[in-house]
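The structure appears right after this line, and notes come after that.
The analysis underlying the following values was restricted to heavy atoms, covering all of them including side chains, and did not include hydrogens, waters or symmetry mates. What you see is a predicted model; the values in this text were computed from it and never measured. In what follows, chains carry the letters A, B, and so on, assigned in the order in which the sequence lines appear, proteins first and then strands, with residues in each chain numbered from 1.
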There are 2 protein chains.
Amino acid sequence: MPTSTVENYLKAVLVRSADTESVVSTGALAEALGVTPGTITTMVKSLAAQGLLEHHPREGVRLTREGRALAMAVVRKHRIVETFLVQVLKMDWKEVHGEAEALEHAISERVLARLDALLGHPASDPHGDPIPGAKSPQLDPGSGQTLATCEPQTQLRVERILDQSAPFLEFIQRTGLKPGSRVRVRERDRASGVVRCELRTGEATLGLPEAAKIEVRAT
Amino acid sequence: MPTSTVENYLKAVLVRSADTESVVSTGALAEALGVTPGTITTMVKSLAAQGLLEHHPREGVRLTREGRALAMAVVRKHRIVETFLVQVLKMDWKEVHGEAEALEHAISERVLARLDALLGHPASDPHGDPIPGAKSPQLDPGSGQTLATCEPQTQLRVERILDQSAPFLEFIQRTGLKPGSRVRVRERDRASGVVRCELRTGEATLGLPEAAKIEVRAT
DNA sequence: ATTTACTTTTTGACTACTCAAAGTTGTCAT
DNA sequence: ATGACAACTTTGAGTAGTCAAAAAGTAAAT
Ligand SMILES: [Mn+2]
Ligand SMILES: [Mn+2]
Ligand SMILES: [Mn+2]
Ligand SMILES: [Mn+2]
């Protein structure tokens with residue numbers, strides 16, 4: 001069985017890989033995992049020796065099929081656990097990430113299947129991130145549209161929150177925006193970078209960089 | 001934060017300590033934890049250095065207040081998780097122990113409190129083992145009566161299953177006996193060691209050693 | 001073609017946990 | 001007392017994961 005360290009490393013590579021071709025730099029992994037660059041190099045060589053990824057020295061790292069499958073299973077656990085914590089245990093969706101970070105390594109396939117059934121086989125987690133299927137292990141296409149790039153005045157639905165840092169989740173919680181919310185961009189000022197949105201419960205004002213972190217889809 | 005290894009060691013000491021006075025032998029711990037005796041000696045010295053237990057060389061080991069509190073918290077998590085797995089996820093009560101063995105180290109106090117509330121603050125787990133309270137951290141008094149020692153012909157209630165090995169759980173599952181079951185001992189043959197019990201759904205026959213592993217209380 | 005700055009890798013060291021095998025010690029039967 | 005034996009501890013070694021600091025490579029700026 002892979003250790004939780006190994007699972008965390010592979011997951012970090014997965015969520016930072018745009019496509020199957022691209023490599024992820026060791027520096028980015030060091031940053032993401034909160035360890036020194038030397039540690040990444042050491043670990044990456046060990047993971048490569050185990051056939052979980054390819055190390056292209058001074059270039060970066062790419063998952064093998066096996067490594068990707070393992071990482072995807074971890075992501076699936078993480079997102080189902082988050083969904084459970086929010087929907088069943090009624091926890092705040094801005095505090096579940098940390099809990100899931102530990103639980104994703106302790107949940108067996110058997111328990112996972114039960115949770116998934118209890119939740120009605122959800123397609124996305126509380127942040128709007130897609131849950132890779134049990135059999136169809138594929139990751140997010142993503143509409144690519146955000147509040148910063150969408151057509152103004154059209155009816156939109158918030159799909160997912162791209163930035164899941166604590167301060168940003170805190171911020172949008174106050175605006176009332178969350179996955180599933182209906183919104184329409186009222187006005188977007190190129191110069192000042194202000195985006196004003198109308199939503200069911202009132203109005204929200206955010207800056208352009210913030211608007212870019214909220215993925216939407218036309219309805 | 002203590003590692004899960006430390007938590008498992010302390011828990012193993014706790015559940016093998018009759019009272020606060022008695023010591024647990026390192027050999028018993030090696031057996032229980034599935035490691036060599038030398039490993040226990042090494043770890044025990046390290047735990048003693050951390051103030052979690054006292055090591056009396058060649059005698060045994062005793063938890064400190066701090067070590068006992070930590071171990072009790074782990075037992076509480078273990079038993080609440082088991083209860084959750086059975087009551088909410090409808091898992092088989094003979095397969096939840098292994099799952100809880102891992103989850104007990106990954107559940108935060110916050111999640112624990114939510115689970116506890118969801119379950120209605122249960123007093124005992126699916127095997128009948130008492131759940132130490134959040135504030136009143138105390139462990140099982142236990143009636144001490146078993147199907148092997150109780151008064152025959154009286155109305156009894158199964159309190160807990162003392163032997164939780166897979167084969168025994170498998171066995172009593174077939175008999176229909178489980179915590180909460182009503183039973184009456186019909187006949188107990190000293191010579192052959194056969195104990196015949198009457199229960200709601202029929203009759204169960206077990207050997208004396210098996211009967212000793214089922215704790216009951218008069219109703 | 002050098003220099004500079006930045007990233008990545010290497011090296012040496014340390015903690016936590018574990019085992020196999022050798023060494024001790026306490027107890028109990030002679 | 002004297003062994004003999006079982007239980008326990010010590011020793012030496014190995015894996016996994018980590019860091020600090022030194023070394024090496026890359027690429028852009030001069
Ligand atoms: Mn994790
Ligand atoms: Mn999420
Ligand atoms: Mn455990
Ligand atoms: Mn139990």
Taking only residues two or more places apart in sequence or in another chain, which ones pass side-chain hydrogen bond (donor to acceptor under 3.5 Å, both in side chains) with [X]?
X         : result
Ser46(B)  : Gln50(B)
Gln164(A) : Asp129(A)
Thr20(A)  : none
Thr3(A)   : none

Distance in angstrom units between [X] [atom1] and [N] [atom2], rounded:
X         : N       : atom1 : atom2 : answer
Leu47(B)  : dA16(C) : CG    : P     : 11 Å
Leu33(B)  : dC8(D)  : CG    : C1'   : 16 Å
Glu7(A)   : dA16(D) : CD    : P     : 16 Å
Met43(A)  : dT11(C) : CE    : P     : 19 Å
His105(A) : dG17(D) : NE2   : C1'   : 15 Å

Please report the end-to-end axis angle for the helix from dA1(C)-dT30(D) to dT30(C)-dA1(D), five pairs per end, rounded to 10 degrees.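 Both end axes considered, the difference amounts to 20°.
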
Identify each donor-acceptor pair in which a side-chain atom of residues 65-73 of chain A lies under 3.5 Å from a protein atom, sequence neighbours left out, and give them as a table.
residue  : atom : partner  : partner atom : Å
Arg68(A) : NH2  : Leu63(A) : O            : 3.4

Residues 100-114 of chain A vs salt bridge (Lys or Arg N to Asp or Glu O under 4.0 Å), sequence neighbours excluded, gives Lys11(A)-Glu101(A), Lys11(A)-Glu104(A), Lys77(A)-Glu109(A), Arg110(A)-Glu95(B), Arg110(A)-Glu99(B)

* Under 4.0 Å between a side-chain N or O of Tyr9(B) and OP1 or OP2 of dT18(C)? -> yes

When you check the phosphate oxygens OP1 and OP2 of dT18(D), does a side-chain N or O of Thr36(A) lie under 4.0 Å from one of them?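 No, outside the criterion.
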
So OG1 of Thr149(B) and CD of Glu215(B): to nearest 0.5 Å the spacing works out to 9.0 Å

Fill in: Contacts of His55(B) that satisfy ring pair (Phe, Tyr, Trp, His ring centres under 6.0 Å) - sequence neighbours left out
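Counting only residues at least two positions away or on another chain, His55(B) forms no ring pair (Phe, Tyr, Trp, His ring centres under 6.0 Å).
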
* To do: Mind telling me whether His127(A) and His97(A) have parallel, tilted or perpendicular rings, with 30° and 60° as the class edges?
  =>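 Perpendicular.
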
With sugar-phosphate taken as primed atoms, P, OP1 and OP2 and all else as base, the protein-contact string of nucleotides 5-10 of chain C at under 4.0 Å (heavy atoms; B, S, -) is ---BBB

Side-chain contact check for Thr3(B): nearest option of dT18(D), dA16(C), dC19(C) is dA16(C)

